[in-house]
Every structure is written in structure tokens, then in C-alpha cells.
Amino acid sequence: MKNLDTAFSALADPTRRAILARLALGEATVMELAKPFAMTQPAVSRHLKILDQAGLIIRRVDGTKRPCRLAPDGVAAIDQWLGMLRDTMARNYDRLDDVLAEMTATNQKDTP
């Protein structure tokens with residue numbers, strides 16, 4: 001992954017997220033990716049360029065076509081970063097559960 005900031009900046013656009021969702025189903029050409037959008041092929045190509053620069057897609061040459069697919073390393077880097085946040089949140093919730101359990105136990109002792 002080139003840079004998480006670049007990746008998240010690329011993901012900020014709903015069209016680019018939709019393109020990535022489509023690519024999660026498998027490789028696609030620029031024209032296939034452009035079909036569901038009310039925009040020109042060059043506009044979709046600009047979105048693809050941003051995704052490529054962010055390290056989220058891989059493009060290859062197949063004759064006159066330029067099929068795209070998800071870049072596993074780019075997606076894995078984002079998942080790893082989000083995993084760190086998930087782990088931190090889980091530890092915070094575990095600590096909160098401990099505090100609440102202790103409060104409940106203390107309140108039950110104090111009640112006749």
C-alpha cells in the first residue's frame with residue numbers, strides 16, 4: 001500500500017467505492033465499469049487512475065482493453081489498519097463490561 005491517506009481519500013468518493021464494489025465481483029474493463037454510471041468513459045477512467053494511484057486496483061493491458069481488478073495488497077493494508085481499530089474497540093468494550101459487572105456486583109451487595 002502506497003499510503004493509507006491516499007487510499008482513504010480515494011475511498012471518500014461514492015463512485016470509486018461503487019467501482020471497487022463491482023471489482024470485488026471480478027475483473028472488468030473500463031467500459032463495463034462505466035455502464036451503471038451517468039458519466040463518460042473518460043470520467044470513469046479518471047476515477048480508475050485515482051484508485052490505481054492509491055494502490056487499490058491493478059490494471060493490465062489485454063490488446064486494446066485495459067481490464068482492472070482489485071489490488072489484494074491495497075485492500076489488505078486497509079483491512080489491517082481497520083483490524084487494529086476493531087481490536088482497540090473490543091478491548092475498550094471489554095474494560096467497560098468489567099466496570100459494569102463490578103458495579104452490578106457492588107450494587108447487589110449493598111441491597112438487602
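Residue numbers run from 1 in the order of the sequence given.
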*Asks:* Verify the cluster assignment for L82 and L4: are they in a single hydrophobic cluster under the rule of side-chain heavy atoms below 4.5 Å apart?
*Replies:*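 As far as the 4.5 Å side-chain criterion goes, L4 and L82 are connected within one cluster.
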*Asks:* Which residue pairs pass the ring-ring contact (aromatic ring centres under 6.0 Å, His included) test when at least one of the two sits in residues 88-110, sequence neighbours left out?
*Replies:*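 Applying ring-ring contact (aromatic ring centres under 6.0 Å, His included) to every pair that reaches into residues 88-110, excluding sequence neighbours, yields nothing.
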*Asks:* Show me the pairs that pass salt bridge (Lys or Arg N to Asp or Glu O under 4.0 Å) and involve residues 87-99, at least two apart or across chains.
*Replies:*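 Every pair satisfying salt bridge (Lys or Arg N to Asp or Glu O under 4.0 Å) with a residue in residues 87-99: there are none.
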*Asks:* Does M89 belong to the same Ile/Leu/Val/Met/Phe/Trp/Tyr cluster as M84, with side-chain heavy atoms less than 4.5 Å apart forming each link?
*Replies:*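 Hydrophobic grouping puts M89 apart from M84.
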*Asks:* Does CE belonging to M31 count more than 12 external heavy atoms closer than 6.0 Å?
*Replies:*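 It does not: M31 CE has 12 such atoms or fewer within range.
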*Asks:* Would you kindly say whether S45 and Q41 are connected by a side-chain donor-acceptor distance under 3.5 Å?
*Replies:*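 Distance-only check passes for S45 and Q41.
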*Asks:* If a pair satisfies side chain to side chain donor-acceptor pair (under 3.5 Å) and one of its residues is in residues 56-70, list it, with sequence neighbours excluded.
*Replies:*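 The answer is E27-R60.
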*Asks:* The test is side chain to side chain contact (heavy atoms under 4.5 Å, CB included); show your working for I50 and R46 and say whether it passes.
*Replies:* CA-CA 6 Å; I50 291 168; R46 285 190 293 275; 5.7 Å; no
*Asks:* If two hydrophobic side chains count as joined below 4.5 Å and joins carry through other members, does V30 share a cluster with L56?
*Replies:*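 Same cluster.
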*Asks:* With C68 as reference, evaluate L51, L48, I58 under the side chain to side chain contact (heavy atoms under 4.5 Å, CB included) test and give the passing residue.
*Replies:*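 Single pass found, and it is L48.
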*Asks:* Return each pair, listed once, that meets salt bridge (Lys or Arg N to Asp or Glu O under 4.0 Å) where at least one residue sits in residues 32-43; pairs must be two or more places apart or across chains.
*Replies:*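 For residues 32-43, and leaving out neighbouring residues, there are no salt bridge (Lys or Arg N to Asp or Glu O under 4.0 Å) pairs at all.
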*Asks:* I'd like to check the ring pair (Phe, Tyr, Trp, His ring centres under 6.0 Å) partners of F8; sequence neighbours left out, ordered by chain and number.
*Replies:*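 Ring pair (Phe, Tyr, Trp, His ring centres under 6.0 Å) list for F8, sorted by chain: W81.
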*Asks:* Under a 3.5 Å distance rule, please check whether T106 uses its side chain to pair with a backbone N or O of E102 as donor and acceptor.
*Replies:*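 Looks like yes, one N/O pair under 3.5 Å.
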*Asks:* Taking only distance into account, with no hydrogens and no angle test, what donor-acceptor pairs under 3.5 Å do side-chain atoms of residues 10-21 form with protein atoms, sequence neighbours excluded?
*Replies:*
unit_1	atom_1	unit_2	atom_2	d
D13	OD1	T15	N	2.8
D13	OD1	R16	N	3.1
R16	NE	A10	O	2.9
R16	NH1	H47	ND1	3.0
R17	NH1	L11	O	2.7
R17	NH1	A12	O	3.0

